[in-house]
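Below is one structure, written out as structure tokens; the observations come after it.
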Amino acid sequence: MFKYKEKYNIAIVGATGIVGEALLNILKSRDFPINEIVAIASKRSSGSKVKYGDKLISVINIENFNFENIDFAFFSAGSEVSRKYAPIAANSGSIVIDNTSEFRYRDDIPLIVPEVNPNDIDLYQNTNIIANPNCSTIQMLVALKPIHDRFVIKSINVSTYQAVSGSGRKGINELIDQTHAYLNQQEIKSSIYPKQIAFNAIPFVDSFCENSYTREEMKMVWETQKILDKSISVNATAVRIPVLVGHSESISVETVKSINIDELLKDYNKFKGIEIIDNNSEYDFPNAYSNGQGTDNVYIGRIRKGLDNDKILNIWVVADNVRKGAALNSIQIAEAIINQT
Ligand code: A2P
């Protein structure tokens with residue numbers, strides 16, 4: 001149960017990972033009211049150090065950690081770790097904000113994008129756990145919320161162009177190693193991805209489901225229906241590309257009402273967390289390299305109505321998958337809880 005305080009005790013589970021590192025950086029740069037911060041990972045990195053501002057903090061093995069004095073526990077160490085330890089933290093009184101898919105589809109656990117469904121947060125009081133959505137879903141739903149509010153979305157067709165940081169440090173290392181090997185005409189080894197990722201595009205993210213969609217694609221379906229509107233039909237194709245950080249998405253929506261782009265742009269310009277980059281004469285549009293790394297907004301461009309249908313809108317959406325797609329969104333959830341009181 002949440003108690004308002006001047007400052008909070010924070011645990012970062014998965015502190016040595018890509019998302020853990022971003023959590024530490026963002027908490028520091030946003031001046032999150034912190035009393036004490038604890039870095040937690042596996043036995044492997046016990047005793048190693050991570051950076052929090054100018055300080056180095058020692059990493060603690062999760063097996064030895066007692067969550068009793070922790071107010072907010074951010075989990076980013078994979079589903080298995082969350083399955084085992086998130087309930088322990090929650091039962092010890094911590095509010096768990098979980099970045100894995102472990103709890104996302106449970107009816108008694110809220111799944112939150114603060115710009116989209118902030119009113120659902122309160123449901124966490126059932127379990128002390130809040131789920132952070134999948135990175136691809138978060139940026140898509142921020143971009144679609146103003147469209148749905150004004151024109152009512154019936155269906156979504158989306159293709160993703162996802163950076164390797166979505167697979168953690170191992171994904172980044174595989175792209176760098178393969179690129180190096182390719183340029184030096186050495187043997188290319190794949191262990192994280194089923195095909196070479198360097199100089200390639202792989203239409204496979206996560207694992208295959210029985211219906212031939214991938215789990216990443218189905219996450220976009222399930223999570224859109226849980227967060228935005230259960231009546232929206234979603235068809236997704238998730239593609240991994242050789243970009244380090246920054247997911248891009250080509251999204252086409254069909255709406256109930258005719259689209260008016262001028263009205264939409266007014267709504268977009270008022271919406272916190274969205275930035276429009278859409279100037280064809282200057283070749284200006286969002287792109288992962290320029291807009292998807294180290295940034296906090298969701299960037300939208302290439303805004304076009306369907307060629308022969310007023311109820312279709314096509315957009316291109318870019319965001320930092322490590323920040324808005326994971327760490328930043330989690331911190332915004334914690335801030336929303338603090339600010340609600
Ligand atoms: P560790 O460094 O000890 O392996 P990424 O997604 O960037 O690969 O990061 C994964 C994060 O999850 C790392 O901090 C990693 O810690 C942590 N992690 C992985 N397995 C466990 C585990 N069994 N217990 C605790 N932390 C884990």
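Indexing begins at 1, ligand by ligand and atom by atom, following the structure's order.
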### Message
My understanding is that only one of F67, Y85, F74, F75 makes a side chain to side chain contact (heavy atoms under 4.5 Å, CB included) with I40; could you say which?
### Response
F67
### Query
Out of V50, I172, V81, N173, who gets a non-hydrogen atom closest to atom 21 (C) of ligand 1?
V81
### Query
Heavy-atom distance to atom 12 (O) of ligand 1: which of A77, S42, A22, S82 wins?
A77
### Query
Atoms of ligand 1 less than 4.0 Å from A15 heavy atoms?
14 (O)
### Query
Has ligand 1 got any nitrogen or oxygen that is less than 3.5 angstrom from a nitrogen or oxygen of G14?
yes
### Query
Is the shortest heavy-atom distance from the side chain of N128 to the side chain of I95 under 4.5 Å?
yes
### Task
Pick one of side chain, backbone, both or neither for how I62 approaches ligand 1, counting any non-hydrogen atom pair under 4.0 Å.
side chain
### Task
Apply salt bridge (charged side-chain N to carboxylate O under 4.0 Å, His left out) to K145 and E115, showing your working.
CA-CA 8 Å; K145 169 75 173 154; E115 297 90 333; over 6 Å; no
### Structural part of T16 in contact with ligand 1, heavy atom criterion under 4.0 angstrom
both
#### Entry: Set of residues satisfying salt bridge (charged side-chain N to carboxylate O under 4.0 Å, His left out) with respect to D278, sequence neighbours excluded
none
### Task
Determine yes or no for a side-chain-to-main-chain donor-acceptor pair under 3.5 angstrom, with Q162 supplying the side chain and A238 the backbone.
no
### Message
Pairing donors with acceptors under 3.5 angstrom, does anything connect the side chains of S231 and D229?
### Response
yes
### Task
Please work out whether any backbone atom (N, CA, C, O) or any side-chain heavy atom from C-beta onward of K170 is under 4.0 Å from ligand 1, and answer side chain, backbone, both or neither.
side chain
### Non-hydrogen atoms of I241 and I197 that approach each other most closely
C-CD1, 3.8 Å
#### Entry: Other residues, nucleotides, ligands: >12 heavy atoms within 6.0 Å of L307 CG
no
### Query
Any idea which protein heavy atom is nearest atom 1 (P) of ligand 1, and the distance to it?
S45 OG, 3.3 Å
### Residue-ligand contact G20/ligand 1, heavy atom below 4.0 Å
no
### Message
Give the atom numbers and elements of ligand 1 that come within less than 4.0 Å of a heavy atom of G17.
### Response
5 (P), 7 (O), 9 (O), 13 (C), 14 (O)
### Query
Quick one: is the NZ or CZ of K226 closer than 6.0 Å to the six-membered ring centre of Y105, and within 45° of its axis?
no
### Contact (N/O only, under 3.5 Å) between I18 and ligand 1
yes
### A41 neighbourhood, listing ligand 1 atoms whose heavy-atom distance to it stays under 4.0 Å
3 (O), 16 (O), 25 (C), 26 (N)
### Task
Give the intermediate values and the outcome of side-chain hydrogen bond (donor to acceptor under 3.5 Å, both in side chains) for residues N321 and S165.
CA-CA 8 Å; N321 55 298; S165 48; 2.9 Å; yes
## Note on the structure
Looking only at protein heavy atoms, what sits closest to atom 4 (O) of ligand 1 is R44 NH2, 2.8 Å
### Message
Give me the residue, atom name and distance of the protein heavy atom closest to atom 6 (O) of ligand 1.
### Response
G168 CA, 3.6 Å
### Query
At a non-hydrogen distance cut-off of under 4.0 Å, which region of S167 contacts ligand 1 (side chain, backbone, both, or neither)?
neither
